[in-house]
Amino acid sequence: MNAVIDVQHLKKTFNKEVALQDVSFTIQKGEIFGFLGPSGSGKTTTIKILTAQTEKTDGDVLLFGRPANEMKQSNNRKRFGILTDNSGLYTRLSIEENLLLFSNLYQLPKSAVKEALDFVNLYSDRKKKISQLSKGMMQRVTLARAIMHKPELLFLDEPTSALDPVNTQHIYNGLRKLNEMGTTIFLTTHDMSEAEILCDRVAFLHKGKIRAIGSPKDLKKEFGDESITVELKNGACEVIQTGEQDAEKLFHWMQSNEVSRIYTNEPTLGNIFMQITGSDLV
Amino acid sequence: MNLSMTRIQAILIKDYKEFSRNYAVSLMVLMPLFLAFLYSKSGSATIATYFLSINIAFSMVTTYVQCCLIAEEKEKNTLRSLMLSPASLGDILIGKSLFVFIITMVIVALIIFIVGYSPANLFILAIALILSTVFYIAIGTLCGLFAKTVMEGSLIILPVILIFSFGPLALALSSSSPISKIAEWLPSSQLVLLAEALEGTYTTMDVIIPMVAIIVWSLVTWIAAGFIYKKRMVD
């Protein structure tokens, strides 16, 4: 077994309010795992428990085969990186000064700062003070800090929520590269397209419970509609199933040159989430 | 405890840069120097007046600056970033205290120069001043850990300034007064009592008792600060 994260029957309550209930999942080394759910579903609480920032109420939480609580130890903290919505950057310092501080805390060579800045496309802006940056730029600096020490496990809480499409694409490419180098990624998002692009597997979290878990492809197969819509030249719109009988029907239309347009009715992950939980992701 | 000089130095340099660009806090260190200048012009040349300036420096520079540095880290969530890095409790607390320690030493030395105080035994007094600085840093750390924002920290610090800076003034009250009895055991009062003893013929106990009292205050406050810090590591 190469489980980097193993969570079994996790429960977390705040006073009497249940934040997480019977949450179980395992993440293997090298996986990109998406934790999807609307605000307040328990995504950030899960990350906090995994990184020993919050105590669990019940259940077993193992990271690298050791109890998550041991992640408080100085040496274990080198094994993971974390990006959260609250940047925790020193606003009076420049981008470079912030990263230099953390490169010293992780005892990395100075070249690590340049590599991290290149990763988030911020090298030319390195002298800018954090207080002068946009939210998107701050998010990129936080990401640079999270990946600078090349962690085995990376926690990303909504990593591209404030980024423009060009930088989002840049970050996706970088994350794939990191993943290819062996970094396991635990990603929380409510951006379904992001999850589809990046994740090997996803879990839907709703009101503190996991409602479904699997690869985007398998989930679509399990919960999706495999029908195809065919628009005919006479204006009719026919929905056919992916069986042998309907294939013949489609073949007939095509032979007689009646087809104007064909498209699949494959659902998005967002559609599946709504189907399972009855609520939207945002 | 796992300590790293590289990490301590990194936090020290960071604090210096942050402090030098934060005028609201950095200008505060000039206040005790200004007060010392006023006292020097008042013509009063007693140990009590010399140490009023020094004790004000401990509260307004050491405790206040340390409290603000910690409270700001909490307010901006940067303390959590440090806690999630490989820096240990010792690295963070020593790194964050070292800068305030250096500033305090410089300010206290300048005050001694401005008020024209020439201690009879500089060596013993220097040790007492260093121990006092360690105590005031601990109390600043504790206040900073309790405060959620810099503004809240500035308020929490007010009773500390009042009790520790002006506590020794209660020594002038009748020795049978209960306030005087309590005030006598404040670290600031013990510092004054030690300095007064050093000016005359003193016994070993005249030196040891104030030193031990200041050390006990420091230890208790640092243990409390360490405990609160560990509690703040988790939500």
Side-chain angles (χ1 to χ4, degrees), chain A residues 12 14 19 44-45 47-56 68-69 71-94 96-110 113 129-131 138 141-142 145-146 148-149 151 155 157, chain B residues 1-26 65 68-96 98-99 148-150 226-227 229-235:
Chain A
K12 174 69 185 174
F14 292 104
T44 304
T45 302
I47 286 189
K48 284 191 169 182
I49 292 170
L50 291 169
T51 53
Q53 296 181 68
T54 299
E55 302 279 355
K56 64 183 167 53
N69 205 29
M71 291 304 118
K72 278 181 194 164
Q73 291 166 12
S74 179
N75 276 342
N76 286 337
R77 281 189 236 141
K78 284 182 188 169
R79 302 186 73 176
F80 67 85
I82 182 166
L83 175 147
T84 60
D85 54 345
N86 200 334
S87 69
L89 296 168
Y90 293 96
T91 50
R92 290 187 200 92
L93 304 187
S94 67
E96 192 175 41
E97 284 169 333
N98 266 279
L99 295 186
L100 263 172
L101 165 67
F102 281 85
S103 78
N104 284 325
L105 295 180
Y106 283 96
Q107 298 181 321
L108 305 171
K110 276 192 177 168
V113 173
K129 276 191 187 164
I130 298 295
S131 56
M138 271 161 67
V141 180
T142 318
R145 188 181 67 190
M148 193 165 48
H149 60 292
F155 293 99
D157 197 359
Chain B
M1 194 186 286
N2 181 17
L3 289 179
S4 155
M5 275 315 292
T6 313
R7 290 181 188 134
I8 290 171
Q9 195 185 343
I11 295 169
L12 169 71
I13 292 169
K14 182 270 297 173
D15 272 350
Y16 163 70
K17 286 178 183 168
E18 281 262 292
F19 175 83
S20 60
R21 294 167 198 177
N22 182 356
Y23 302 118
V25 177
S26 55
V65 172
C68 286
L69 288 178
I70 302 263
E72 190 176 28
E73 294 253 20
K74 279 182 71 190
E75 188 177 352
K76 293 185 175 170
N77 211 34
T78 48
L79 190 61
R80 187 53 67 91
S81 304
L82 286 182
M83 286 170 172
L84 285 168
S85 80
S88 67
L89 166 71
D91 293 334
I92 296 173
L93 289 184
I94 295 173
K96 291 209 70 66
L98 208 52
F99 172 70
K148 288 189 183 79
T149 61
V150 177
F227 177 74
Y229 176 94
K230 287 208 164 181
K231 279 193 85 174
R232 294 285 183 268
M233 275 184 84
V234 289
D235 291 330

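What you are looking at is a predicted structure, and each value in this text was computed from that prediction instead of being measured. Reminder, nothing fancy here: chain letters follow the sequence lines and each chain counts from 1.
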Considering all heavy atoms, the nearest A:Gly88-B:Ser81 contact: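 Heavy-atom minimum between the residues: O-OG, 3.1 Å.
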Charged N to carboxylate O under 4.0 angstrom, B:Arg21 versus A:Glu97? yes
Checking B:Glu75 now: which residues fulfil salt bridge (charged side-chain N to carboxylate O under 4.0 Å, His left out) with it, not counting sequence neighbours?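 Once residues adjacent in sequence are excluded, B:Glu75 has no partner under the salt bridge (charged side-chain N to carboxylate O under 4.0 Å, His left out) criterion.
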Please name all residues satisfying salt bridge (charged side-chain N to carboxylate O under 4.0 Å, His left out) with A:Lys56, sequence neighbours left out, ordered by chain then number. none
So which part of B:Ile11 gets closer than 4.5 Å to some heavy atom of chain A, the side chain, the backbone, both or neither?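 Both parts, backbone and side chain.
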Within this structure, what is the [atom1]-[atom2] distance for the pair [X] and [Y], rounded to the nearest 0.5 Å?
X        : Y        : atom1 : atom2 : result
A:Leu105 : B:Ser4   : CG    : OG    : 8.5 Å
A:Phe102 : B:Leu84  : CZ    : CG    : 9.0 Å
A:Gln107 : B:Ser85  : CD    : OG    : 10.5 Å
B:Arg7   : A:Asn104 : CZ    : CG    : 10.0 Å
B:Ile13  : A:Leu100 : CD1   : CG    : 9.5 Å
A:Thr51  : B:Arg80  : OG1   : CZ    : 8.0 Å

Contact class of A:Leu89 relative to chain B, heavy atoms under 4.5 angstrom: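 The backbone, not the side chain.
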With a 4.5 angstrom heavy-atom cut-off, could you sort out which part of A:Ser103 is near chain B: side chain, backbone, both or neither?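 Answer is neither: A:Ser103 stays 4.5 Å or more from chain B.
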Top contributor to chain A contacts, counting heavy-atom pairs under 4.5 Å, from B:Glu73, B:Lys76, B:Glu18: B:Glu18
So does A:Tyr90 get a backbone contact from the side chain of B:Thr78, meaning a donor-acceptor N/O pair under 3.5 Å?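 Not confirmed, B:Thr78 side chain does not pair with A:Tyr90 backbone.
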Has A:Arg92 got a side-chain atom pairing as donor or acceptor with B:Ser20's backbone, closer than 3.5 angstrom?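 Such a contact is absent between A:Arg92 side chain and B:Ser20 backbone.
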Give a yes or no on whether B:Gln9 atom CD has more than 12 heavy-atom contacts from other residues, nucleotides or ligands under 6.0 Å away. no
